[in-house]
Structure formats: structure tokens, C-alpha cells
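First up is the structure itself, then whatever we jot down about it.
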Amino acid sequence: MSNCCGSSACSSNETPSLAPAKVSPIPYIKLFFAGGAALLAEVIGWILPGWGWISLMLALSAIALCGTDILKRGWLSLLKFDLTINALMSLAVTCALLIGHWAEAAMVLVLFTLAEWIEGKSVERARHAIQSVLSLAPDTARILMSDGHWQSLPVTQVKIGQRVQVQPGERIGLDGRIVKGHTFINQAAITGESLAVEKQLGDSVYAGTLNETELFEFQVTAEAANTTLARIIKRVEEAQADKAPTQRLVDQFARVYTPIIFFIALATALVPPIFFGGAFFDWLYRALVLLVIACPCALVISTPVTIVSGLARAARLGILIKGGSHLEAGSRLNRVAFDKTGTLTQGQPELRSFKNLSGMSDEELQQLASSIAQHSSHPVSKTLTLAYVGERLTVETLIAMPGQGLQVEFNKHRYGLGNDRLARAMGVPLEAYKADVARIESQGESCVLLIEDARVLGLFGVADPVKPNSQEAIRDLHSLGLRTLMLSGDNLNTAGAIAQEVGITDVKANLMPEDKLNVIKKIMEEGQQVAMVGDGINDAPALAQANLGLAMGAAGTDTAIETADIALMDDDPSKIATYIRLSRFCMRLLKQNIALAIGIKFIFILLAFQGQASMWMAVFADMGVSLLVVANGLRALKFK
Ligand SMILES: Nc1ncnc2c1ncn2[C@@H]1O[C@H](COP(=O)(O)OP(=O)(O)OP(=O)(O)O)[C@@H](O)[C@H]1O
Ligand SMILES: [Zn+2]
């Protein structure tokens, strides 16, 4: 048993581990007969008072059927004075037997066992919600063999570089890049977005996604154990180990709660009879009821079920949360800072204008820019690389200057490709180009300078269109009561124009990566809870510094998955508001659960104290509350 009141959970008063652990099927038949025997024992006790021995026999057989395990474990713990739930239960049941409450003792054990099984099953269900994501990827794939025919092979045997064929309507078994054909793919398994995406030659496809329209072939880029889908599952499973602050609080509470109840029960049994002439058996019974109520399982089980359900739901929505604490963090945020390029904009700038200030031909100039740019993965560089289609030059000793651009040395010259800060760093007098730069920027374009030694060879105007969902994303965040701001390495003109387009009023531009970090730091020093949203390019320090780091493009880059607390599997910024609503929803469930668990227990403790609660009622209350909080926690799986 791995559930709450079983050995692994309440014995240490720790949150049950939700890592793989097998819960065997519920032994219905045993429980049914044991329950029947216990009930019959009670009935006989009522209507045939003289036949007490039959009652006793029935009760004992019920206990033998389902309670020996708990009694054994309980007494072993008691002897070590380890106040586990099993220990308290065993003590209560044994004492009840000794003072003649046979039927009740049996019933307590039967119900307790049943509750344990049901709880175990529920936790398993939440865990299963995560595992079921992985089962989306098929076990086999059709592979091109060396003799030219196609053969179905288990995906685990497929190597990187092999060629796979996918039929329309078929799920894709591995990650790869399309080498033949063109199709529409439903990527809901990875991104949560079920609108089919068009895929062409060279585009990436992911294991677990669904090929909707055409036959195509792809080349494998990751082995089965290392696909994007497999990495998501691994992350979410690891995330369970990281506890949300509320969860830790609950664990601490449970740790002191059980011993306290134990001593209250002890005092209840002893103090009134010894000092106030109370009836011993009467007070002993009340003490036993208290012991049964002492079970903190509802409280202990309620948090992990909610958190795991929330993590699983988020994964299904394409939001990869790397820990329970990051699920909780969203509910406390009041600021969200955005990087611009690749986050609010598409990250694929267009080359809009070009000015040749050198003596070379336009062709030569573009070739030079492309040859330098090809070594960087910065969106601006990518665009300039692709803007030239011919043969590129070989450049050596390249230095990347984050937030500025690139510097290279070759042919005995020093070249630079980047913004005005780079030009200044290279000692280029900018006075002569001021008008040109200003003209480009006034069109909402970022100006990239191609520099040779101390002069400018050319100016490139690039502009990056806004993502279709950016405006909606900002509006949603505002309606949730959060304040937004933009932190950009770009010039104020361009950054301001984009900010205005998406609805952000607070813009900080011309920032170096460490400036972004400092802005975040300052906001945090003001006592704000701030999230940084970025793509990992030139904003990694800020992502790491913020209360919460959210990365874009998780489906593409590993660095984003590594640095951030949360990764959005598609690059859709409107998922941020979804995440915050999910976080708030889960926290609301958690608070309801804690209030329910503690509130109902508290009422029963008072009733028991006044002698108005029976052991039956106590066990029913314990089981009832447990089921209630578990059902409530599982609602996170249904979040929309
Ligand atoms: N590798 C590069 N190649 C060409 N230009 C670059 C490169 N890196 C930086 N730059 C120039 O420096 C500017 C600032 O870069 P940085 O990456 O800090 O911000 P950004 O990409 O413009 O916007 P944001 O910070 O909002 O994402 C860019 O606009 C670009 O002009
Ligand atoms: Zn319990």
C-alpha cells in the first residue's frame, strides 16, 4: 500500500510520493464479507443481547479478513513510539475490543481499509493523467530499410538519421525533420493547440502529434527516449518532487498534529476519571474516538492530488511547469515583464530596407553580412543570413557580443554586425550616419550596421511582425489585474511601436542582457512578484532572476527548457494568462481542501470531547472528507 494512511505516507507524515508505485486492485470481495460480518455483529449486538459471543466471533473474523495488516504495522510502530496513523488506529481498535465495542472495532477497520484503497486509486488516477500523455506516441514506426523497402519497427530500435514514413491519420512516433512531402499536423499533444499546422520540407515534427492530411517522410532527429514528448513527461514527473510552499506547510502541520491529538486523547482518557470522578470506560471511549479522528490523511492527501492534477492539466495545455512551487507562484504574480523579439514578435524579422555606404556592390555587401551572420542564432542574424542566397565567405575568430551583435576578424580587417552600441564599442564615429539611422528607426525598423574597422559599410532595416496572439495575451493579463512591461535590447522607437501595438504602456529599451536583469531585480526589491517572459536569447539572466521565468519556444530549443521555470510548448504568449488562471484555480482548490479537512476534523473533535460522536461517525467523517478533498483536487484535471 502506498496511499495516505498506509506505511509510506502517514508513517512519516510526509506527502505521499506520487512517483511510480503500484496500487493493487481493491479487494472488493474481502472487504464485502468483512463489512457484512461487522454489520451483522452490530445488529446481533442490538437485537440479541444475550448472544454477545456470536457478535464477538463475527467481529474477529471481519478483523482477520482485512485488518491484520494494519494492526500488525500499527503495533510495530507503537512499540517504537512512532505515532503513525496505523499506530493510532490499532490502539483505538484494540482498546475498543477490550472494552467490549467489538462490532465497532471491526467496522472502523473495514472502513479505514476501504478509504485507504480509494485514496490510493485517486492518486494513481492523477498520476495516470501524466503518463497517458506519453502513450500518445505509437510504439512502432515505418522505417526505410537499406534494401529500399519499408518495415514497421519498434520506435525504441530506431536510430537518429533513419527515414520514417507517416500515413495520413497516423500518429508520429519520433521527432524529426520532413524530407519529403507536405502536410497538416495536429500538434495538440505537445502544444495543446488542436488547430492543424502546415508543415513543409525541412519543418520539425514531434512524436505524439497527429498527421492529418498527407503522406510524408521525415528523418529522425531524436531517439524514442529523448523526444520532446518524452522530455515533457520526464519534466512533469520530476516536477512532482518539488513541493509547493502550501504543500510544505501542510506537511509540517500534519507532523505536529498527530502527536498533539494523541496526547489530547491520552489526557481525555485519564484526567476526568482520575481528578473529576468521571466514568473511566465512558472517557476511554471518547478518547478512542479522538484517536480515530486524529487521522490527518484528508489533509495530507489533498495537496498532492491537486498539484499533480494541475501539473498534468498544464502539460496537456502545452504549458510545461517544472515544479509544484512554480504552479503556486503564478497565483501570487502581479507583474509580467516581456522580452520583445521572439516573445511578442514572431522572431523572424523581415529585411525591409538596405543602404549601401561602401564602394562594393550590393551583392558583395550582402554576402559579407550573410557570412558574418550565419554564425549566430539571433533572429536578426538569421534573417541577414538568409537574405543572401549565394556562396558565403569563411570567417574566423568570431566574437558574439550579447545585446550588440557580432565581431569578426578576417582579411586583416575587423568587421562588426550589430546595433549602434556595437558601433560605439568598436570606436566608429556615428555622427555621419545619424540621419540615416534615424530615418530607418522612424519607420519602426531596427537598424543593423555592417562595420569595417572604423567605418560603416551598410545599413539594414529589419522589422519583426507581432505575433497574432500578443495583443490578446496582454489584454488578458490586464483583465486578470496584472501589470505588464516590455524590456527590449532594441531601440526605443521600434520597441515603443511594438509595445503600443500590443498594448503595453511601460517600455524600457536599449537594454543589455544585464540591464534586463537589473530592471527585474529592482522590481523585486519593490516587493513585487514579477515574471519574466523571454525566448532565452539575451534574456536568460533576467529569466533566471525573476520570481518566475517563462520561456518561449520550448518545442524548438533546449536552452529555454533548461533555464526557465515554465516553458510554453508553442510560442503563444496568450498561454501566460491561461497559466495564471490555472494557478489561481489550483490554489483555490487547495485552500478549499485545507479548510474542509481541518474544519470537519475540528467539529468532530469537539463532538467527541462532549461524548456525542461515535467511532463509526469518526471513521465515516475521515473517509468522507478524504474522498471529498480528493474529488475536489481532481477537478484541476478538468480546468479550461
Ligand atoms: N547576433 C546578432 N546579429 C545581428 N544583430 C544583433 C545580434 N545580436 C544583437 N544584435 C543587435 O542588437 C540589438 C539588441 O539585441 P538584443 O538581442 O539585446 O535585443 P532584440 O533582439 O532586439 O530585442 P529584445 O531584447 O526585445 O528581444 C538587436 O536589435 C540587433 O540590432
Ligand atoms: Zn485517514
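Counting convention: from 1, in listed order, for ligands and their atoms alike. For clarity, every value in this text was computed on a predicted model and none was experimentally measured.
Protein heavy atom at the shortest distance from atom 24 (P) of ligand 1 is Asp339 OD1, 3.0 Å. Counting protein heavy atoms only, atom 3 (N) of ligand 1 is closest to Ser381 OG, 2.5 Å. Of the protein's heavy atoms, Asp490 OD1, 3.6 Å lies nearest to atom 29 (O) of ligand 1. The single protein non-hydrogen atom nearest to atom 15 (O) of ligand 1 is His378 NE2, 3.8 Å, given as residue, atom name and distance. Atom 6 (C) of ligand 1 has its closest protein heavy atom at Gly405 CA, 3.7 Å. Among all protein heavy atoms, the one lying closest to atom 10 (N) of ligand 1 is Gln404 O, 3.4 Å. Ranking the protein heavy atoms by distance from atom 25 (O) of ligand 1 puts Lys516 NZ, 2.6 Å first. If you check which protein heavy atom lies closest to atom 16 (P) of ligand 1, you get Asn538 ND2, 3.4 Å.
Side chains of Gln545 and Met532 form no contact here, defined as non-hydrogen atoms less than 4.5 Å apart. Residues Asp175 and Leu229 have side chains not in contact (no heavy-atom distance under 4.5 Å, counting atoms from C-beta outward).
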Please assess Arg455 against Glu452 for the test salt bridge (charged side-chain N to carboxylate O under 4.0 Å, His left out), listing each intermediate value before the final yes or no.
CA-CA 6 Å; Arg455 70 186 181 117; Glu452 182 188 59; 3.1 Å; yes
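Between Asp490 and the options Lys340, Lys516, Arg421, Lys508, a salt bridge (Lys or Arg N to Asp or Glu O under 4.0 Å) holds for only Lys340. Tested against Ile566 for a side chain to side chain contact (heavy atoms under 4.5 Å, CB included), the candidates Leu550, Val533, Leu327 yield a single pass: Leu550. Leu368 pairs with exactly one of Leu417, Val395, Leu457, Val408 by the side chain to side chain contact (heavy atoms under 4.5 Å, CB included) rule, that one being Leu457.
The closest non-hydrogen atom to atom 13 (C) of ligand 1, taken over Thr494, Asp535, Val462, Asn419, comes from Asn419.
Counting only N and O atoms by type, the side chains of Arg177 and Thr221 include no donor and acceptor under 3.5 Å apart. Side-chain atoms of Ser358 and Asn356 include a donor-acceptor pair closer than 3.5 Å.
The shortest N or O to N or O distance between Gly489 and ligand 1 is below 3.5 Å.
Every atom of ligand 1 with a heavy atom of Ser376 under 4.0 Å away is listed here by number and element: 1 (N). Close approach of ligand 1 to Val380 is summarised as follows: ligand atoms under 4.0 Å from at least one heavy atom of the residue are 4 (C), 5 (N).
Between Phe218 and Phe216, the angle of the ring planes lies from 30° to 60°, which puts this pair in the tilted group.
With a 4.0 Å heavy-atom cut-off, ligand 1 is reached by the backbone of Thr341 and by its side chain too. Of all the heavy atoms of Asp539, none lies under 4.0 Å from any atom of ligand 1, so neither backbone nor side chain is involved. Heavy atoms of Lys340 found under 4.0 angstrom from ligand 1 belong to the backbone as well as the side chain.
The heavy-atom pair separating Val462 from Pro349 by the smallest distance is CB-CB, 4.1 Å.
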